[in-house]
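Beneath this line is the structure, given in structure tokens, with notes to follow.
Atoms within each ligand, like the ligands themselves, are counted from 1 in listed order. All heavy atoms count here, side chains included; hydrogens, waters and symmetry mates do not.
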Amino acid sequence: DSEQDLQRAKQFLEQLNKEYGEWNNKYTLANWEYAANLTEENLAKKLNVSAEVARYFKSAWEKVNEYPWKDIKDSGIRRQFKKFSVLGRSALPEDRYQEYEKIISDMENIYSTAKICDYKNRSKCDLALEPELTEILMKSRDPEELKYIWVEWRKATGEKVKSLYPKYVELSNLAATLNNFSDNAAYWLKDYEADDFPEQIEALWQQLKPLYLQLHAYVRRELRKKYGENVVSKDGPIPAHLLGNMWAQTWTNIADFAIPYPGKQMPDVTHAMIKQGYNATTIFRVAEDFFTSINLTAMPDLFWQRSVLEKPKDRELICHASAWDFYDGKDFRIKQCTRVNMEDLLTAHHEMGHVEYYLQYRNQPNVFKEGANPGFHEAVGDVISLSASTPSHLKAIKLLDDDSTDTEANINHLFLKGLEKIVFLPFAYMMDKWRWNVFQGQVTSDNYNCNWWDLAEEFQGIEPPVDRSEDDFDPGAKYHIIADVEYMRYFVSFVVQFQFHKALCVEAKQYDPQNPNSKLLHECDIYNNTAAGNLLKNMLELGSSKPWQDAMERITGQKNMESAGLLEYFKPLTDWLTAENKKTDEYIGWKPRARQCVQ
Ligand SMILES: C=C(C[SeH])C(=O)N1CCC[C@H]1C(=O)O
Ligand SMILES: [Zn+2]
């Protein structure tokens, strides 16, 4: 590149980034107004702004395509142009784009405002997913009530969006082809910058599946003991409604009876949080305190002024937790219908991890204000939670009395973590296995639901509590499916977060893999350690300015996603479960389900 060429390119990008930031700010504000207050008026405003923004993006995109950027040698400059050369949904013709935005907004509205009637009192019909249904699934131990809630939620959501989904798929694929991708699956995969990414995920799953099978067998046994053999079989899939979560994606809410050593330490601090008068704000202040303790950045004042941290009583909104970057380097928010329980304490750390990433890369050019890949963005807060949820840390913040680290306490702690992290892997995988099938055309709308249940059985080893059919649309009962949010990011996050955790723990001298007397990896707590914080910061500040493999290398010293971190963290649990299942001669895995899905 001649010096003059470089200058010209830099000026071109300077202007483009400036405009890109301004339009993104406008678009995000309109999206926030609708998400935080689901009125027809706010939807109309959001659709108008998105049309205006799309017109700008399309004109900018034409200028980028005319610019001779492909032979620029400077890799950072070329990387910016490459990102700007992907137009996204705005590539759709204007009327198609409006239709697309409206379909997704309508599905989000149906999902977020869905109400069902109470099991015991059928005339009380104002139960929403958050908090009512989530809490019933957490607490109820009545299989009939759980079955009712499970079925009614799917009637009120999946069934209602079923007719919209094929058009969403068609327009998603059209937009992808207008961006020169074969389909929307390929469009989503571009963010992982690896031609063999699906193969990388499959290899990771094969390495992690044996541990999942052991945990699945043990939990099925505990459920059978609780509910009897007529409800939970010895060797079949687990009925999905008994696992404490609407989608069976984490099973932490049945730890109270499934925990290996009941009566021993059980690091679920919900009770203590309630007793100590925690509220949404104190929950987020506890999370913020951890980030600042390792030399990361406090939440700006605007965050506390503009975030919505509790469910408002006077309006409908999207309760599903989310973090927002308004692209002006100042305005960052979280919207979360926070309840006082451990799950929401961990979610608060998760969401604040997103804001921390926004804060660390806020000086990047706007086009690089993204995670190194989407999975990295999901991992930041969870890495902090791995330290924050250790018994020793929970004791330090006075939420736990017993922080003993004898074998039984360790197994209980690892078991609870396993119900959150190991259990989640097959769910995350099948979520986008199904959508890849759909976008690639292997699954069409006449067998959406039965393919979904084939995958749920194959990967999660669960089955529906009642027979399903193609009149149902169970994928539509999960937020990310109706909100057009890609999900493989969470599988990636649940693998790389343990690689990051291990690297930060070694940096903090909280863990030494070579020293048999060192703490175990799951006991590590990087609280107050600025060396660990600085190592994390070195990666976060990159944004997406470098390929994620370089970002990975900055923290772990190597470039690959590996299952080793997770397997090392859970090693004591793996050994314990394997021995326990052998002792009880538990059937590992599951035979085909009894419940049918009728075509
Ligand atoms: C908390 C968020 C917002 Se990015 C979320 O959607 N998560 C966090 C973990 C998995 C996934 C889910 O709830 O399905
Ligand atoms: Zn997230």
Side-chain angles (χ1 to χ4, degrees), residues 31-32 35-36 108 111-112 129-131 133-134 137-138 153 157 188 191 240 243-253 280 283-284 287 291 307-309 311 317-325 332-339 341-359 370-386 389 417 419-432 434-435 456 459-460 474-498 500 540:
N31 261 302
W32 170 273
E108 286 197 286
Y111 182 95
S112 300
L129 177 66
E130 296 192 41
L133 304 186
T134 302
L137 280 177
M138 265 182 198
W153 171 251
T157 55
W188 277 354
D191 295 332
L243 289 158
N245 174 276
M246 186 62 88
W247 310 278
Q249 69 186 66
T250 53
W251 302 348
T252 49
N253 294 314
I283 283 174
F284 279 89
F291 285 99
S307 291
V308 171
L309 301 180
K311 182 174 188 176
L317 80 166
I318 296 176
C319 259
H320 191 83
S322 55
W324 298 63
D325 181 353
F332 309 92
R333 306 176 201 176
I334 285 171
K335 180 166 53 59
Q336 181 174 325
C337 299
T338 311
R339 304 288 290 168
N341 60 48
M342 181 151 190
E343 200 168 84
D344 280 22
L345 176 65
L346 297 181
T347 301
H349 285 76
H350 175 94
E351 294 308 325
M352 197 170 279
H354 287 301
V355 178
E356 203 55 58
Y357 215 159
Y358 301 148
L359 290 167
E370 304 166 297
N373 72 39
F376 277 46
H377 229 301
E378 298 305 334
V380 182
D382 285 13
V383 169
I384 301 305
S385 287
L386 288 175
S389 58
K417 265 301 158 198
L419 292 181
E420 181 194 345
K421 301 293 183 182
I422 301 166
V423 160
F424 182 77
L425 295 164
F427 172 75
Y429 195 12
M430 67 76 63
M431 277 279 285
D432 276 359
W434 181 78
R435 285 192 284 187
F459 285 91
Q460 291 181 273
D474 296 328
K478 176 62 189 170
Y479 176 74
H480 300 66
I481 299 280
I482 56 95
D484 182 43
V485 179
E486 182 258 2
Y487 212 83
M488 204 50 83
R489 64 185 63 181
Y490 298 105
F491 186 96
V492 170
S493 160
F494 277 50
V495 170
V496 302
Q497 66 185 246
F498 288 97
F500 297 167
L540 297 177

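- Taking the Zn ion (ligand 2) as the corner point, the angle from His350 atom NE2 to Glu378 atom OE1 is about 90° (rounded to 10 degrees).
- Ring pair Tyr358/Phe332 is parallel by interplanar angle, where below 30° counts as parallel and above 60° as perpendicular.
- Listed here is the closest heavy atom pair of Ile422 and Pro426: O-CD, 3.5 Å.
- Counting atoms of ligand 1 from 1 in the listed order, those under 4.0 Å from a heavy atom of Tyr487 are 10 (C), 11 (C), 12 (C), 14 (O).
- For Arg339 against Asp344, the heavy-atom pair with the smallest separation is N-OD2, 2.6 Å.
- What sits closest to atom 2 (C) of ligand 1 on the protein, heavy atoms only, is Glu351 OE2, 3.5 Å.
- Side-chain atoms of Met246 and Thr134, non-hydrogen and from C-beta on, never get closer than 4.5 Å to each other.
- Using bins of under 30°, 30° to 60° and over 60° for the plane-to-plane angle, the ring pair Tyr429/Phe491 lands in the tilted bin.
- Of the heavy atoms in Trp247, none comes closer than 4.0 Å to ligand 1.
- Ser112 and Leu317 make their closest contact through CB-O, 3.6 Å (heavy atoms, listed as atom of the first residue, atom of the second, distance).
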**Prompt:** Yes or no on salt bridge (charged side-chain N to carboxylate O under 4.0 Å, His left out) for Lys421 and Asp382, after CA distance, side-chain angles and deciding distance?
**Reply:** CA-CA 10 Å; Lys421 301 293 183 182; Asp382 285 13; 3.3 Å; yes
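- For Phe424, every heavy-atom contact with ligand 1 shorter than 4.0 Å involves the side chain, none the backbone.
- Across Val485 and Arg435, no two heavy atoms sit closer than the pair O-NH2, 2.8 Å.
- The heavy-atom pair separating Ala321 from Glu351 by the smallest distance is CB-OE2, 3.6 Å.
- Looking at ligand 1, you'll find an N or O of His480 within less than 3.5 Å of one of its N or O atoms.
- Ligand 1 has no nitrogen or oxygen under 3.5 angstrom from a nitrogen or oxygen of His350.
- In terms of polar-atom proximity, defined here as any N/O pair under 3.5 Å, His320 does make such a contact with ligand 1.
- Not a single N/O/S atom of Glu351, whether from backbone or side chain, sits less than 2.8 Å from the Zn ion (ligand 2).
- His354 lies close to the Zn ion (ligand 2), since one of its N, O or S atoms is found at a distance under 2.8 Å.
- Counting the atoms of ligand 1 from 1 in the order shown, those under 4.0 Å from a heavy atom of His354 are 4 (Se).
- Contact analysis puts Ala321 in contact with ligand 1, with a non-hydrogen atom separation below 4.0 angstrom.
- Between Tyr490 and ligand 1, at least one pair of N/O atoms sits closer than 3.5 Å.
- In terms of N/O distances under 3.5 Å, ligand 1 is approached by Lys478.
- Close N/O approach between Glu378 and ligand 1 is not found [any backbone or side-chain N/O within under 3.5 Å].
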**Request:** For His480 and Tyr490, run ring pair (Phe, Tyr, Trp, His ring centres under 6.0 Å): C-alpha distance rounded to whole Å, both residues' side-chain angles, the deciding distance at 0.1 Å, then the answer.
**Result:** CA-CA 11 Å; His480 300 66; Tyr490 298 105; 5.3 Å; yes
